[in-house]
S.K.: 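Could you have a look at this structure, given as C-alpha cells, before my questions?
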Amino acid sequence: NELENVYTLEELGSEVRVNCILNAIDKYISDINVVHGLGFCCSIKHAEYMSRKFNAAKIPSKYLTGKSTEDDRNSVKKS
C-alpha cells in the first residue's frame with residue numbers, strides 16, 4: 001500500500017513522477033502513434049492511475065490485470 005500511495009496520491013509527488021515519464025516520452029519518441037509500450041505497475045490502482053494520466057496527455061492507453069477477460073487482452077493485441 002505504501003508504494004501504491006507514492007505512485008498514485010497527488011500530495012506525495014506522483015504528479016512529478018508522471019511528468020518525468022511524459023517528458024521522457026516527448027524527448028525520445030518522435031511519433032507516439034507508431035509506438036507500442038508496456039509498463040508494469042505495483043497495483044491495479046496504480047495501473048488505472050497511469051492509464052488515466054496517459055490518456056489525459058493524449059497518449060492512448062489501456063491497462064490489463066489478472067482479472068481482465070480474454071476479450072480485453074485480445075483488444076490490446078489488436079490496438
Side-chain angles (χ1 to χ4, degrees):
N1 283 341
E2 289 179 33
L3 188 57
E4 179 181 286
N5 289 340
V6 168
Y7 289 157
T8 62
L9 296 178
E10 305 299 329
E11 59 270 10
L12 293 177
S14 63
E15 196 70 27
V16 171
R17 185 173 181 279
V18 169
N19 286 335
C20 281
I21 294 167
L22 294 174
N23 288 335
I25 290 170
D26 285 341
K27 181 178 179 180
Y28 295 107
I29 305 298
S30 59
D31 184 356
I32 195 65
N33 295 310
V34 298
V35 174
H36 290 105
L38 177 65
F40 293 90
C41 297
C42 67
S43 68
I44 293 172
K45 183 177 177 181
H46 181 215
E48 292 170 342
Y49 175 84
M50 291 304 296
S51 179
R52 199 169 51 252
K53 292 296 185 177
F54 281 135
N55 286 319
K58 308 267 190 275
I59 300 173
S61 174
K62 297 178 183 179
Y63 67 92
L64 297 174
T65 71
K67 295 179 181 181
S68 296
T69 67
E70 187 174 345
D71 288 341
D72 294 333
R73 292 190 306 270
N74 288 333
S75 74
V76 171
K77 289 179 190 176
K78 295 174 185 172
S79 299

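Computation of the quantities below employed the complete heavy-atom set of this structure, encompassing side-chain atoms and omitting hydrogens, waters and symmetry-equivalent molecules.
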S.K.: Restricting to side chain to side chain contact (heavy atoms under 4.5 Å, CB included), what partner residues turn up for D31, sequence neighbours left out?
M.R.: N33, V34
S.K.: Name every donor-acceptor pair, under 3.5 Å, that has one atom in a side chain of residues 14-25 and the other anywhere in the protein, sequence neighbours excluded.
M.R.:
| residue | atom | partner | partner atom | Å |
| --- | --- | --- | --- | --- |
| S14 | OG | L9 | O | 3.1 |
| S14 | OG | Y49 | OH | 3.0 |
| E15 | OE1 | K53 | NZ | 2.9 |
| N19 | ND2 | E15 | O | 3.3 |
| N23 | ND2 | N19 | O | 3.1 |

S.K.: Could you tell me which residues satisfy side chain to side chain donor-acceptor pair (under 3.5 Å) with S43, sequence neighbours excluded, listed by chain and number?
M.R.: E4
S.K.: In the hydrophobic clustering (ILVMFWY, side-chain contacts below 4.5 Å, transitive), which residues join F40, or is it alone?
M.R.: L38
S.K.: Rest of the hydrophobic cluster containing Y7 (Ile/Leu/Val/Met/Phe/Trp/Tyr, side-chain heavy atoms under 4.5 Å)?
M.R.: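 Its cluster partners, ordered by chain and number, are L3, V6.
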S.K.: What ring pair (Phe, Tyr, Trp, His ring centres under 6.0 Å) pairs are there with at least one residue in residues 54-74, not counting sequence neighbours?
M.R.: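 Listed by first then second residue: nothing to list.
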S.K.: Who passes side chain to side chain contact (heavy atoms under 4.5 Å, CB included) against E70, sequence neighbours left out?
M.R.: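 Here the qualifying residues are R73, N74.
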S.K.: Can you name the residues that form a side chain to side chain donor-acceptor pair (under 3.5 Å) with S30, not counting sequence neighbours?
M.R.: none
S.K.: I need the H46 NE2 to T8 OG1 distance, nearest 0.5 Å.
M.R.: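 Output value for this atom pair is 7.5 Å.
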S.K.: Residues in side chain to side chain donor-acceptor pair (under 3.5 Å) with S61, at least two apart?
M.R.: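 Listed in chain order: S51.
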